[in-house]
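For reference, the structure discussed in these notes is given below.
Whatever order the structure lists them in is the order used to number ligands and atoms, beginning at 1.
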Amino acid sequence: MITHLIKSSVQELTPYQSARKIGGDGTIWLNANECSTSPNALGLDSLNRYPKPQPDEVILRYANHAGVHPNQVLATRGGDEAIELIIRTFCNPTDSVLYCPPTYGMYAVSSATFDILTKTVPLTADFNLDLPQIEANLNGTKVIFICSPNNPTGNLLARDDILALLAMTKDKAIVALDEAYIDFCLDDSFACELDNFDNLIIIRTLSKAFGLAGIRCGFALANSQIISAMQKIIAPYPIPTPTAIIAANALHDDGIKQMQTHIKTTLDNKAWLIRELTALPVVKKVYPSSANFILVKFDNQIQTGQAVFDKLWAMGIILRNQTTALNLSDCIRISIGTQDENQAVIDALKTL
Ligand SMILES: *Cc1c(COP(=O)(O)O)cnc(C)c1O
C-alpha cells in the first residue's frame, strides 16, 4: 500500500463537500448559490452552473487514450497543477523533493512555493539518470520528479533506469514521471507500468501534442488510492466547463486522428530543421530529440549561444535561452514550428 507516503495532514483531511460532489437527482437546483440563468454565456449551455469536479467524458476518453482505468486518471489545470498537487499530497514540511537538472523549472519553483526543500542530482553527461547519486540522496526524499522526454534536452530517459528507480524507491518515495511530450513517442510511455509500481505518478497535458495550451488541461495518472488522495486537495471545481467541452472533443476519435496528423507533420518538420541546422557552421551540435523541440549547441568560436539568442530576438524570432542552465552553455531550445517558421529560423541563422 502506498497510502503511508501521503502527507499526514492530507490523510486526516475531511475534504470540502462541494455542492456538485454531494450530488442529488434534482429537477430544481438551489444548493450552490448559482444564478438560475446566464446573461453572459456566449451561446454555451449551463455556464450558470458549476461544472462537475471531474468531467466524466474527459476522464473516460483520456483513460482510453492513455490505456489506463478511469479511476487512475485525475484531470487538472494543466500539467503544472498536477506537479503542485503531487507536492501538496505527499510532502510534509520536513520532506524533500529531488529533481535532476537540467530539466523543467517548475519542480523547483512549485516546491519553493510550499517551502519544501529540494535536492538536485544532475543528469549524466548523456542526460540520463545518475542512479547511484539518487540512491545516495533517498534519505528524507519523498518525491522524485523526472521528465521523459526531458525538457529542455529532448531525450527519453533510458527505460531500464526508470524501472530501476521505481524498484529502488518502492515504499520509500513517489516517482513523478513527467510525460508532457510523450504523445510524440507514445510507445515509450510508462502508463503500462502503473499496475506494477504503486509509487508511480505520470503527468500528462493537452498543451503540447494536442495543441491546446490555451484551455489549461492536464492529467495525473496513478493508482486509485493516489488519485483519491489528490482529489481531496484539488480545488472544488478545477476544470472550467468550456475546457471540459473542448477537451472531450479533442479526445474523441476525430480529435485523436487530427492530433496524430499534427504529430506526423511536426516530426517531418523536425527532421528538416535538424538537417538544415546540422549543415550550419555556427551549429556545434543538435541533440537527439523525441519531442516537438530540439536543443542546439552553438559554436562559441563563431557566435556564443547568448549572441545567437539576442540577435534572433532582435529579428523577432523568440527562442528559449538555455545558456545559463546546468551544463547547457551556448545551448538554445527551439520549438518545432510551421515549415515557414522553421525556414525563417534557418534564414536568420544564415545572416549571422
Ligand atoms: C509544458 C510542460 C508541462 C505542463 O504544461 P501545462 O501547460 O501546465 O499542461 C509540464 N511539464 C513539462 C516538462 C512541460 O514542458
Side-chain angles (χ1 to χ4, degrees), residues 55 58-59 62 65-66 73-88 97-111 113 118 120 123 127 129 143-157 162 174-186 188-191 200-222 230 234-235 238-240 242-244 246-247 250-251 259 262-263 266 270 287 289-295 318-322 325-326 328 331-337:
V58 174
I59 297 294
Y62 201 81
H65 171 63
V73 181
L74 180 74
T76 59
R77 284 169 298 193
D80 288 329
E81 189 187 33
I83 293 169
E84 204 179 288
L85 287 171
I86 291 167
I87 296 168
R88 289 173 54 212
V97 159
L98 187 152
Y99 65 95
C100 303
T103 191
Y104 188 49
M106 283 307 289
Y107 316 135
V109 170
S110 258
S111 301
T113 62
T118 53
T120 56
L123 294 173
F127 301 140
L129 297 174
V143 176
I144 300 172
F145 282 101
I146 59 175
C147 187
S148 183
N150 186 43
N151 178 4
T153 57
N155 61 297
L156 283 160
L157 301 176
I162 300 178
I174 295 295
V175 174
L177 169 57
D178 191 336
E179 289 191 342
Y181 298 95
I182 202 67
D183 293 297
F184 295 99
C185 48
L186 202 52
D188 295 300
S189 173
F190 266 71
L200 172 63
I201 307 179
I202 295 173
I203 298 161
R204 295 282 192 93
T205 180
L206 298 187
S207 296
K208 307 287 160 59
F210 283 89
L212 289 173
I215 71 169
R216 310 307 303 130
C217 187
F219 300 91
L221 312 178
M230 291 172 79
I234 197 169
I239 309 297
T243 295
I246 295 166
L251 292 165
M259 186 265 294
H262 164 75
I263 286 177
T266 304
K270 179 168 80 172
Y287 292 88
S289 161
S290 297
N292 66 335
F293 60 84
I294 45 180
L295 184 70
I318 313 301
L319 310 177
R320 189 72 150 157
N321 192 351
Q322 299 292 342
L326 183 71
L328 298 187
C331 287
I332 296 178
R333 192 193 72 192
I334 307 177
S335 307
I336 309 303

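At distances below 3.5 Å, not a single donor-acceptor pair connects side-chain atoms of Lys208 with backbone N or O atoms of Ala291. Here the side chain of Asn292 pairs no donor or acceptor atom with the backbone of Thr266 at under 3.5 angstrom.
Interface of Asp80 with ligand 1, defined as ligand atoms under 4.0 Å from a residue heavy atom, comprises 4 (C), 8 (O). Annotation for ligand 1: atoms under 4.0 Å from non-hydrogen atoms of Lys208 are 1 (C), 2 (C), 3 (C), 5 (O), 14 (C), 15 (O). Per-residue contacts place Cys147 under 4.0 angstrom from the following atoms of ligand 1 (heavy atoms of the residue considered): 13 (C).
Using a 4.0 Å cutoff on heavy atoms, Arg216 counts as a contact of ligand 1. In this structure, Ala180 has a heavy atom closer than 4.0 Å to ligand 1.
Considering only heavy atoms from C-beta on, Ile202 comes within 4.5 Å of Phe190 through its side chain. The shortest distance between side-chain heavy atoms of Leu129 and Cys100 falls below 4.5 Å.
Tyr181 OH, 2.7 Å is the protein heavy atom nearest to atom 15 (O) of ligand 1. Regarding atom 12 (C) of ligand 1, its nearest protein heavy-atom neighbour is Asp178 OD2, 3.4 Å.
In this structure, Phe145 has its ring center no closer than 6.0 Å to that of Tyr104.
In this structure, Phe219 and Tyr62 have parallel ring planes: the angle between them is below the 30° cut-off, well short of the 60° mark.
Checked against Leu85 for a side-chain contact (heavy atoms from CB on, under 4.5 Å), the options Ile234, Ile203, Asp80 give a single hit: Ile234.
Looking at Tyr107 next to ligand 1, no N or O pair under 3.5 Å apart turns up. On a distance-only criterion, Gly79 and ligand 1 share at least one N/O pair closer than 3.5 Å.
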